[in-house]
Amino acid sequence: MRARLIVTTIVVGGLALAAGAIALAGKPSGNAASYPDLRAVVPDHLNLVNQQQNEYLRFSNGIANTGPGPWALRPDPPIGTAPITNAIQEIRSSNAQHPCGQQPKPSDPCYDVLEEKLVSTFEYHPTHNHWHTADVARFEVRQGSPAGPVVGGNSIKVGFCLLDLYNLDGNAPTSQKVFWDCYTSYQGVQSGWVDQYHQSTDGQQVDLTGLPNRNDYYLVTTTSPDGIFVEQDTTNNTAWVRFTLSADSNGNRKVTVTDHSPCESPGMCGEVSPNR
């Protein structure tokens with residue numbers, strides 16, 4: 001299991017841009033744009049962990065792309081040439097794997113890049129030895145309802161190394177991974193795929209220390225919480241689970257999931273999330 005999650009607790013009012021100017025011109029084409037649709041999968045594998053007299057809720061978090069086009073992020077300047085590298089989102093004409101003119105066979109489906117937009121940054125972290133895209137998701141613990149008050153200071157923004165981890169519902173347009181490199185190249189999630197961070201991944205947790213036992217806590221996860229990425233629909237980016245925090249006769253506390261947000265398929269409901 002790769003450790004590839006970064007927790008950010010300070011919201012910065014703008015992008016930290018790498019040195020050098022970038023030309024971000026749209027590329028005219030007769031093709032229509034195929035946008036991604038970024039979705040939060042219902043969180044799964046919740047587990048309460050005691051560590052140095054603190055209690056942490058660990059969980060698996062999945063980011064699905066259910067749109068017709070890929071979520072493709074290109075580094076500029078190339079990764080490894082600067083401490084912080086701009087993340088340029090490419091809006092493509094299709095979910096094809098090869099740019100037109102570079103496909104292995106002329107008959108293979110291909111894509112044109114129709115537009116480019118500076119959306120985030122790639123940041124290198126020596127501890128994990130690879131690059132992460134900033135401000136990809138937000139995790140919160142709320143009380144009373146999914147829109148209730150945040151409790152325990154538990155609202156954190158996270159950055160990920162984005163890649164194709166598993167196929168959503170087994171019906172993705174392609175069975176081959178396109179985004180798989182955290183070290184040198186593009187990051188993203190192609191159409192019909194999910195990037196998941198398992199609950200055992202370092203940093204995949206929120207602090208429940210000191211919260212009283214209740215039956216109306218909500219773990220809420222939101223993909224692209226600041227709306228910085230270009231996508232088809234920004235109203236479907238949040239998923240949640242309701243959980244009870246309780247204790248047995250010996251005072252040992254546990255978390256029990258009692259409900260989750262509406263979801264239209266086993267994949268979006270977290271039922272096929274790999275527990276590894």
Side-chain angles (χ1 to χ4, degrees), residues 2 4 22-39 41 62-81 85-120 122 130-133 136 160-197 223-224 228-234 236-237 264-268 272-274:
R2 292 160 297 186
R4 55 189 185 95
I22 298 178
L24 298 178
K27 298 183 179 180
S29 171
N31 295 326
S34 293
Y35 293 100
D37 191 13
L38 315 181
R39 308 278 301 280
V41 175
I63 298 175
N65 176 11
T66 62
W71 183 18
L73 302 172
R74 172 175 59 83
D76 192 327
I79 282 179
T81 61
T85 296
N86 295 299
I88 310 300
Q89 184 176 353
E90 292 185 352
I91 309 303
R92 297 178 178 177
S93 59
S94 75
N95 193 58
Q97 299 179 35
H98 304 287
C100 293
Q102 299 182 32
Q103 63 266 51
K105 296 186 297 183
S107 59
D108 288 346
C110 66
Y111 68 81
D112 290 318
V113 177
L114 306 181
E115 182 183 350
E116 297 179 324
K117 182 180 178 182
L118 172 59
V119 291
S120 186
F122 290 156
H130 53 225
W131 295 75
H132 299 250
T133 304
V136 169
F160 298 137
C161 166
L162 295 163
L163 47 74
D164 297 330
L165 188 67
Y166 70 91
N167 192 300
L168 178 66
D169 297 326
N171 60 356
T174 175
S175 61
Q176 182 177 346
K177 293 183 179 181
V178 172
F179 302 102
W180 50 270
D181 184 5
C182 296
Y183 302 92
T184 62
S185 186
Y186 280 73
Q187 291 186 19
V189 181
Q190 65 175 309
S191 177
W193 284 73
V194 181
D195 182 31
Q196 178 184 272
Y197 286 75
T223 301
S224 187
I228 59 177
F229 301 103
V230 180
E231 59 174 311
Q232 191 176 60
D233 185 359
T234 60
N236 58 1
N237 291 21
E264 71 274 18
S265 69
M268 290 307 302
V272 298
S273 302

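- From S94, atom OG reaches atom CG of D112 across 8.0 Å, with rounding to the nearest 0.5 Å.
- In terms of heavy atoms, G267 sits closest to D169 at N-OD1, 2.5 Å.
- Using a 4.5 Å heavy-atom threshold, the side chains of V113 and R74 count as separate.
- Between the side chain of S34 and the backbone N or O of S93, at least one donor-acceptor pair lies under 3.5 Å.
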List the steps, then state whether side-chain hydrogen bond (donor to acceptor under 3.5 Å, both in side chains) holds for E90 with Y111. CA-CA 11 Å; E90 292 185 352; Y111 68 81; 4.5 Å; no
Take F122 and T133 through the side chain to side chain contact (heavy atoms under 4.5 Å, CB included) test and state the conclusion after the steps. CA-CA 5 Å; F122 290 156; T133 304; 2.9 Å; yes
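- In this structure, D195 contributes its side chain and I63 its backbone to no donor-acceptor pair below 3.5 Å.
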Please assess V178 against W193 for the test side chain to side chain contact (heavy atoms under 4.5 Å, CB included), listing each intermediate value before the final yes or no. CA-CA 10 Å; V178 172; W193 284 73; over 6 Å; no
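- Checking side-chain atoms of Q196 against main-chain N and O of P274 turns up a donor-acceptor pair under 3.5 Å.
- Judged purely by atom type and a 3.5 angstrom limit, Q89 has no side-chain atom pairing as donor or acceptor with the backbone of I228.
- Atoms CG and CD, on N236 and E264 in that order, are 8.5 Å from each other to the nearest 0.5 Å.
- Annotation: the span from Y197 atom OH to C161 atom SG amounts to 5.5 Å, rounded to 0.5 Å.
- In this structure, the side chain of D164 engages the main chain of Q190 through a donor-acceptor pair within 3.5 Å.
- Looking at every heavy atom in both residues, L73 comes nearest to W71 through CD2-NE1, 3.9 Å.
- When every heavy atom of A64 is checked against every heavy atom of V41, the shortest pair comes out as CB-CG2, 4.0 Å.
- Remark: side-chain polar atoms of N86 are paired, donor with acceptor, to backbone N or O of D76 under 3.5 angstrom.
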So E115 and V230, side chain to side chain contact (heavy atoms under 4.5 Å, CB included) or not? Walk me through it. CA-CA 10 Å; E115 182 183 350; V230 180; 5.7 Å; no
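- Of the possible polar contacts, one joining the N65 side chain to the G67 backbone as a donor-acceptor pair under 3.5 Å is found.
- Side-chain N or O atoms of E231 include one that pairs as donor or acceptor with a backbone N or O of L38 at under 3.5 Å.
- For the residue pair N95 and S191, the shortest heavy atom distance occurs at OD1-N, 3.1 Å.
- In this structure, I79 and Y183 approach most closely via the heavy-atom pair CG2-O, 3.2 Å.
- A distance of 10.0 Å separates CG in N167 from NZ in K177, rounded to the nearest 0.5 Å.
- Not a single donor-acceptor pair under 3.5 Å links the side chain of Q187 to the backbone N or O of S185.
- When all heavy atoms of P99 and C110 are compared, the pair lying nearest together is C-CB, 4.0 Å.
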